[in-house]
Asker: 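I have a structure I would like to understand better, so I am pasting it below and will then ask my questions one at a time.
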Amino acid sequence: MAALAGLRVLSCGSGARLTSCAASWLLPRSPPATQVQVGLSGCGHGERYYSSAEKGEDELRVRYLEGDDQGIVVLGINRPQAKNAISKGLVKSMMKMIDSLKGNNKVRTVVLRSEVPGVFCAGADLKERAKMHPSEVGPFVTKARALMNEFANLPMPTIAALDGAALGGGLEMAMACDIIVAASSAKMGLVETKLAIIPGAGGTQRLPRAVGVALAKELIFSARVLDGNEAKSLGLVSHVVEQNDAGDAAFKRAVALAREFTPQGPIALRMAKLAINQGIEVDLATGLAIEEACYAQIIPTKDRIEGLLAFKEKRPPRYKGE
């Protein structure tokens with residue numbers, strides 16, 4: 001396990017190598033002791049969540065699923081009075097939780113959703129922004145951009161569930177996830193140019209990587225808002241579902257998708273994500289070297305041996321992330 005902690009890739013011409021850094025995102029860590037058990041509604045098997053009861057964290061609800069869904073963590077944004085707009089407090093809460101998730105190797109998948117009906121995230125909190133001195137705006141946007149980067153760099157798979165509007169920074173947050181699931185009625189777009197600004201939390205970089213350069217320019221220049229079906233046709237979202245009466249169809253689909261990931265080897269998923277994320281930014285030769293380096297990290301794991309034994313014995317594998 002220690003050899004896998006905080007791997008990063010150094011590109012060197014046509015080759016690449018993985019080196020260790022101080023982070024330890026594969027070390028086991030238990031959920032915070034302040035969590036209390038609450039009921040789970042509408043997720044399929046009568047499982048239970050764990051929900052944070054810590055004061056001051058109400059804007060971000062954290063739930064750890066149990067039973068067959070153990071390993072799935074649900075982050076719920078909960079700022080109904082501001083349509084889940086991104087505030088200083090929300091950025092701080094999310095950074096704190098992301099830091100906790102990095103080092104928890106029991107977490108298999110993170111699902112990001114809204115606890116507020118009809119909206120995922122309306123973007124930056126413009127009421128708070130209007131009160132900022134111009135000298136404060138730049139540092140806040142830098143922190144918001146850092147938040148999206150930290151979310152994108154979580155080692156485990158991440159899924160954004162859009163059951164409502166994701167505008168500006170809200171869409172940037174969703175794009176920081178590995179996969180986006182959206183209701184057909186959900187509205188999304190990078191609309192910053194309407195306010196005479198540009199996307200500042202990764203939108204100008206992640207949107208062209210998702211839909212292509214020319215189309216990303218068109219969408220940003222026009223501040224166009226798409227629905228779920230349009231976003232799916234452009235490749236911005238991976239799955240689109242019809243909204244249900246409860247308003248949580250995308251969330252349910254996201255959890256179902258996370259369940260598909262749960263039985264797989266957790267270290268393998270993390271190494272696959274690292275290889276893809278690092279490799280897509282470099283030339284093919286360097287990318288193949290990254291893949292080789294990531295594969296080398298899996299060879300000495302107990303999970304790899306368990307996978308071979310399970311295949312030989314014709315039984316489901318029991319992976320432990322070791």
Side-chain angles (χ1 to χ4, degrees), residues 1 3-5 7 24-31 35 37 40-51 62-76 98 100-113 151-161 177-182 237-241 248-277 279 291 294-322:
M1 290 296 294
L4 296 174
L7 292 173
S24 56
W25 46 258
L26 283 170
L27 297 178
R29 187 178 299 174
S30 299
Q35 289 167 348
Q37 197 168 319
L40 168 63
S41 61
C43 222
H45 299 299
E47 311 90 344
R48 292 170 294 179
Y49 279 143
Y50 282 100
S51 181
V62 183
R63 301 182 176 105
Y64 293 79
L65 274 62
E66 282 191 317
D68 293 340
D69 290 340
Q70 187 171 1
I72 301 173
V73 176
V74 178
L75 304 183
I98 289 171
S100 174
L101 292 172
K102 281 183 192 175
N104 190 343
N105 78 327
K106 295 180 181 179
V107 177
R108 302 294 184 90
T109 303
V110 175
V111 176
L112 179 64
R113 69 169 303 193
F151 209 97
N153 290 329
L154 277 173
M156 69 288 292
T158 56
I159 306 171
C177 294
D178 298 315
I179 298 166
I180 302 176
V181 179
V237 307
S238 299
H239 302 274
V240 62
V241 292
D248 63 354
F251 171 61
K252 286 187 174 181
R253 182 67 182 90
V255 172
L257 188 59
R259 287 174 182 148
E260 294 185 43
F261 302 162
T262 300
Q264 319 313 328
I267 297 176
L269 292 185
R270 293 175 179 222
M271 287 296 102
K273 177 173 176 174
L274 180 62
I276 294 168
N277 284 358
E291 178 184 82
C294 288
Y295 197 103
Q297 298 299 319
I298 297 170
I299 293 174
T301 64
K302 294 179 181 179
D303 280 353
R304 188 183 73 88
I305 303 302
E306 166 61 15
L308 293 173
L309 283 174
F311 177 79
K312 180 180 179 181
E313 297 170 4
K314 298 181 179 180
R315 60 170 175 80
R318 295 183 288 271
Y319 297 127
K320 298 180 179 179
E322 299 176 350

Asker: Distance-only, no hydrogens or angles: does the Glu306 side chain make a donor-acceptor pair with backbone N or O of Arg318 under 3.5 Å?
Answerer: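 Yes, because the side chain of Glu306 sits within donor-acceptor range (under 3.5 Å) of the backbone of Arg318.
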Asker: Once rounded to the nearest 0.5 Å, what's the spacing between atom CG of Asn105 and atom CD1 of Ile267?
Answerer: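 Output value for this atom pair is 7.5 Å.
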Asker: First locate atom CD1 of Ile72, then atom CG of Leu257, and finally report the distance between them rounded to the nearest 0.5 Å.
Answerer: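 One gets 9.5 Å once the value is rounded to the nearest 0.5 Å.
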Asker: Can you tell me how far CG of Asp69 sits from CZ of Arg108, rounded to the nearest 0.5 angstrom?
Answerer: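 Answer for the CZ-CG pair, Arg108 versus Asp69, is 12.0 Å.
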Asker: Within the 4.5 Å heavy-atom criterion, are Pro266 and Asp303 side-chain neighbours or not?
Answerer: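 Side chain of Pro266 against side chain of Asp303, heavy atoms only: contact under 4.5 Å found.
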Asker: Go through Phe261 and Ile179 one step at a time and tell me if the side-chain contact (heavy atoms from CB on, under 4.5 Å) criterion holds.
Answerer: CA-CA 12 Å; Phe261 302 162; Ile179 298 166; 3.7 Å; yes
Asker: Could you state the interatomic distance from CG (Asn153) to CD1 (Ile98), rounded to the nearest 0.5 Å?
Answerer: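 Between Asn153 CG and Ile98 CD1, I get 9.5 Å after rounding to 0.5 Å.
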Asker: State whether the number of non-hydrogen atoms from other residues, nucleotides or ligands found under 6.0 Å of Lys273 atom NZ is greater than 12.
Answerer: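 More than 12 heavy atoms, drawn from other residues, nucleotides or ligands, come within 6.0 Å of this atom.
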Asker: State plainly whether the residues Glu313 and Arg315 are in salt-bridge range, i.e. N to O under 4.0 Å.
Answerer: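 Salt bridge between Glu313 and Arg315, a charged N being under 4.0 Å from a carboxylate O: yes.
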Asker: Search all heavy atoms of Ala268 against all heavy atoms of Ile298 and return the closest pair with its distance.
Answerer: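 Smallest interatomic distance, heavy atoms only, reads CA-CD1, 4.1 Å.
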Asker: CD of Gln264: more than 12 outside heavy atoms within 6.0 angstrom?
Answerer: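 More than 12 within 6.0 Å, yes.
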Asker: For Thr262 and Ala258, indicate whether the former's side chain and the latter's backbone hold a donor-acceptor pair under 3.5 Å.
Answerer: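 Between the backbone of Ala258 and the side chain of Thr262 there is a qualifying donor-acceptor contact (under 3.5 Å).
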Asker: When rounded to the nearest 0.5 angstrom, what is the spacing between NE2 in His239 and CD1 in Ile180?
Answerer: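 Between His239 NE2 and Ile180 CD1, I get 11.5 Å after rounding to 0.5 Å.
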Asker: If I compare all heavy atoms of Ala182 with all of Val237, which pair ends up nearest, and what's the gap?
Answerer: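 So the two residues come closest at CB-CG1, 4.2 Å.
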Asker: Could you please spell out the steps behind the side-chain contact (heavy atoms from CB on, under 4.5 Å) verdict for Val74 and Arg113?
Answerer: CA-CA 7 Å; Val74 178; Arg113 69 169 303 193; 3.7 Å; yes
Asker: For Val111 and Ala254, work out which heavy atoms get closest and say how close.
Answerer: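 Residues Val111 and Ala254, closest heavy atoms: CG1-CB, 3.9 Å.
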Asker: Testing the basics here: between Lys102 and Arg270, what is the closest heavy-atom pair and its distance to 0.1 Å?
Answerer: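 Taking Lys102 first and Arg270 second, the nearest heavy atoms are O-NH1, 4.4 Å.
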Asker: How close do Gly307 and Tyr319 get, counting heavy atoms only, and between which atoms?
Answerer: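 Taking every non-hydrogen atom into account, CA-OH, 3.4 Å.
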Asker: Grab the two heavy atoms, one from Cys177 and one from Phe151, that are nearest each other, plus how far apart they are.
Answerer: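 The pair with the smallest heavy-atom distance is SG-CE2, 3.4 Å.
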Asker: Out of the candidates Val73, Thr109, Val110, only one should pair with Met156 under the side chain to side chain contact (heavy atoms under 4.5 Å, CB included) rule; please name it.
Answerer: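 Of all the options given, the one that passes is Val110.
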Asker: Taking C-beta and beyond as the side chain, do Leu101 and Leu75 meet within less than 4.5 Å on heavy atoms?
Answerer: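 They are in side-chain contact.
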Asker: If you apply the rule side-chain contact (heavy atoms from CB on, under 4.5 Å), what do you find for Tyr295 with Met271, and how did you get there?
Answerer: CA-CA 7 Å; Tyr295 197 103; Met271 287 296 102; over 6 Å; no
Asker: Looking at Ser238 and Val181, would you say the former's side chain and the latter's main chain have a donor-acceptor pair under 3.5 Å?
Answerer: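 No: the side chain of Ser238 does not pair with the backbone of Val181.
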